[in-house]
Structures are given as C-alpha cells and as structure tokens.
2 protein chains.
Amino acid sequence: MNTELVQAREHFIQGMSRISHFWGFSKAMGAIYGAIYLSPAPISLDELVAQVGVSKGAVSTNVRTLERLGMIHKRIQLGDRKDYYIAETDFWKIVRRVLREREQSEFDQALRTVGESMVLVEELIEGADTEMDVETAVFYSDRMQAMQSFFNSLDNLVAMLIALEDLRSKSVQNLFGR
Amino acid sequence: MNTELVQAREHFIQGMSRISHFWGFSKAMGAIYGAIYLSPAPISLDELVAQVGVSKGAVSTNVRTLERLGMIHKRIQLGDRKDYYIAETDFWKIVRRVLREREQSEFDQALRTVGESMVLVEELIEGADTEMDVETAVFYSDRMQAMQSFFNSLDNLVAMLIALEDLRSKSVQNLFGR
DNA sequence: AACTATGTTTAGTTTATACTAAACGATTGG
DNA sequence: CCAATCGTTTAGTATAAACTAAACATAGTT
C-alpha cells in the first residue's frame, strides 16, 4: 500500500491511542479500534498484530474487551478458521453502552458507600452521648446528603442524555448539530 | 472524637477515594477532598496528613491540584502561618470547571490529530497514482470525517451542558431534580 | 542571626497496569 | 493421528503513576 496512506493511518491510530488512554482505557485498545475502524474489509487478529505492533496476546484480550463494549463485532467466515472484526460505527451507541457499563460497575458502588456512611452517621445521631458529637454528626449528615443528592442528579442527567440519544438514533432529529 | 463518627468519616473518605480513581484522578486526591469536605472548620495540611494517612508531600501536591480544579479554596488566617482549606460545595461548578479543563488539554489535542490524519489522506487523494489507493483513501477519508463529526457533536453537547448548568447555577430553576 | 514552623520540591521506591513471550488448547486438514 | 493454524491463557517483565522520606526554601519568632 501507498506509504503516505500508511503514514496517515498510523497517525490516526496514534490519535485513537491517545483518546483511549484519555478516557481511561489502555492505549493499545484505542489503537486496535482505530485499525479495525479504518479497515475497509473485516480484519483478522494477525493483521491487527501487524498493523498495531503489539503482541498477539494483547490483541486477543483487547479485542475481547472491545467486543464486550460493543465497539467492534466478530465476523466468522465459513471455511476460514480466523476471526474477523468490523468496527461499530454508531458512536452514540457506543457512548450509551460505555456509560451504562460504567454506571453499573464502579459508579453505583461508590454511591452505595456514600449512602452507607450517611446511614452510619444518622444512626449515631440517635444514640449520641456528648453535645459536640451531635453537632459534628449533623454536619456530616448534611454534607453527605448533599453529595448523594448531587450524584443522584448526575445519574438522572446521564439517563436523560441516554434517552435523548436513543431518540436521536431512531432518526427523529439530530439535536446536537451533527 | 467519637469512634463511630471517625469510622463513618473514614468510610466516606474511602468512598471518595474510589470515585476519584474512577474518574481518572489519584485516590489520595479524592480522599483529601473528602476530608476537607467533611471538616466543619477550615482544615490545615497537617490535619489532612493525620486524617488521610498519606505523606505531607503528597498532600501538598494533591491540594494544589484540587485548588487548581476549584474543588477547594485556601483560607489564610491572620497571625497563623498555616494554610487552611475549605471545600467547594457547588458540585456542578466543579463539574463545569473539570470539563473545561479536560477539553482544553487532551481532548482538543486528540481531535487535532484526527483532523491532521484526514488532511493527509485528502491531500493524497489529489495526487494519487494507482486506482486501489484512491479507493482506500476515500474510505479512510469518509471514516475519519465521520469520527471528527462525532467529536464535534460531543463537544457541542458538553458545551450545551455547561451552558445549561450556568443557567441553573444562577438559580433560574433546577432541571435535574435536585 | 539563629531557630522554628510550614509548605514545596526532588530523588528514590512502590505499586498497579498492560504488555511480551511462550505454553497451551482446540479445531481443521491431510 | 499427526501436523498446522488459530485464539487464549499465564508467568514474567516493563513502565508509568503516585507515593514516601528527606532535603530544601521561606518566613516569622526569639
């Protein structure tokens, strides 16, 4: 293939690598997605190894993660033992999926911790012994409440955005100037 | 202070630590913010070292980052050489600030890389030699265009959210159920 | 001016993460 | 049934981030 075209691809892949890292994924994952995204035809694991320049094992695990996130899809061809991959090109779909994934895992868990702390403090307010403790406990309770409230709002906001995007993806209208 | 109250605080701080890590900041940073957030009075660096359990140096650098992000504020008291810190409690304000910060730094840069790759490819389409190269180059160009378009939309969306939040913070109305 | 209290910087260490190389397992073809 | 071709798993390694300990800088106090 044309050298300059390869250079352009590599530059793009490098950019994807950066973005991936920026969003908290591994660099290789972004690079691999970039390579798949720029492949005109379904691309095999070996070709990815060649294009991205990481080991087969790394490509294997990253590709699995990408598939779990719905960012790529596996295409098996009859009479061919290789797995081929194509890129999901609906980015909003990807965003939705990733947001859902992240909400479920760590985000909820963190929220729960805040809730637990709040319950701990509020239980304490009941059977408090000294006056000073009550004062501090009430302060704690208020602050924790405020934070939990914020996280709930954030949760609602994200849910709203996902819903909006669901509408958009059904091609009602493009609200965000694409 | 009451042991159970301390436990509740530590549980909360641990939660903040997780959230911080989840959002791509250091764990200590979240913990430190948590400690400041739960302090009824402005809190000094030494007290933070005691409560969070990391070294003075780490507290110092993390505190500086927190201040840069507008998550905490320094309060110097007359006749006291220590610096004291209080927490910013307007979380939406913090979100706006962090979003702006992130957009400027890495996000823009990544976008630029995609744009550059696209220009490279499009220049190539003009002076192309073989037929096959043109075909691939056009494919690349289309895909890169689609991705850049998406990032622009995302940018607009974030800008819109910031604008919405600016309105809300001026207490027009609370749109997100707080 | 020396000493003390305080925050910052730095050099080195720890730690978590992601990768490599290679063994492994499984499937297909000869 | 053996060999070849894949993808996966694993044990070890490299690397980047973040922390510690300690030196340092600064300013206030005696």
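The chains referred to below are lettered A, B, ... by the order of the sequence lines, with proteins before strands, and numbering in each begins at 1. All values reported here derive from a predicted model rather than from experimental measurement.
For S26(A), a side-chain nitrogen or oxygen approaches OP1 or OP2 of dC19(C) to under 4.0 Å. Contact between the side-chain N/O atoms of S55(A) and the OP1/OP2 oxygens of dA21(C) is not found at any separation under 4.0 Å.
Within 6.0 Å of the CD atom in E135(A), the count of heavy atoms belonging to other residues, nucleotides or ligands does not exceed 12.
One can place CG of L48(B) at 16 Å from C1' of dC19(D), the figure rounded to the nearest angstrom. Atom-to-atom, CD1 of I32(B) to P of dT20(D) comes out at 9 Å; the value is rounded to the nearest Å. Distance CE (M29(A)) to P (dT17(C)): 15 Å, rounded to an integer number of Å. Spacing between atom CG of N62(B) and atom P of dG7(C) amounts to 15 Å, rounded to whole angstrom units. With rounding to whole Å, R81(A) atom CZ is found 10 Å from dG7(D) atom P. To the nearest angstrom, C1' of dC19(C) lies 18 Å from CZ of F25(A). Taking atom NZ of K27(A) as the reference point, atom C1' of dA16(C) lies 15 Å away to the nearest angstrom. Between L45(A) atom CG and dT27(C) atom P the separation is 17 Å, expressed in whole Å.
Within the structure, every pair that satisfies the salt bridge (Lys or Arg N to Asp or Glu O under 4.0 Å) test and touches residues 46-71 of chain A, not counting sequence neighbours, is listed here: R68(A)-E101(A).
Taking the side chain of A58(A) as heavy atoms from C-beta on, and the options dG7(C), dC19(C), dG7(D), the nearest nucleotide is dC19(C).
For the pair T113(A) (side chain) and G15(B) (backbone), a donor-acceptor distance under 3.5 Å is absent. Side-chain N or O atoms of S20(A) include one that pairs as donor or acceptor with a backbone N or O of S26(A) at under 3.5 Å. A donor-acceptor pair under 3.5 Å is formed between the side chain of R143(A) and the backbone N or O of Y37(B).
At a cut-off of 3.5 angstrom, the base of dG7(C) holds no donor-acceptor pair with the side chain of K82(B).
The residue among G53(A) and G57(B) whose nearest nucleotide of DNA chain C lies closer to the 5′ end is G57(B). Each of V59(B) and K56(B) was matched to the nucleotide of DNA chain D holding its nearest heavy atom; the match closer to the 5' end belongs to V59(B).
Proximity of residues 64-80 of chain A to DNA chain D (heavy atom under 4.0 angstrom from any strand atom) is restricted to R64(A).
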Go through R9(B) and T136(A) one step at a time and tell me if the side-chain contact (heavy atoms from CB on, under 4.5 Å) criterion holds.
CA-CA 11 Å; R9(B) 182 181 68 205; T136(A) 309; over 6 Å; no
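To the nearest 0.5 Å, atoms CD (E122(A)) and CE (M144(A)) are separated by 9.5 Å.
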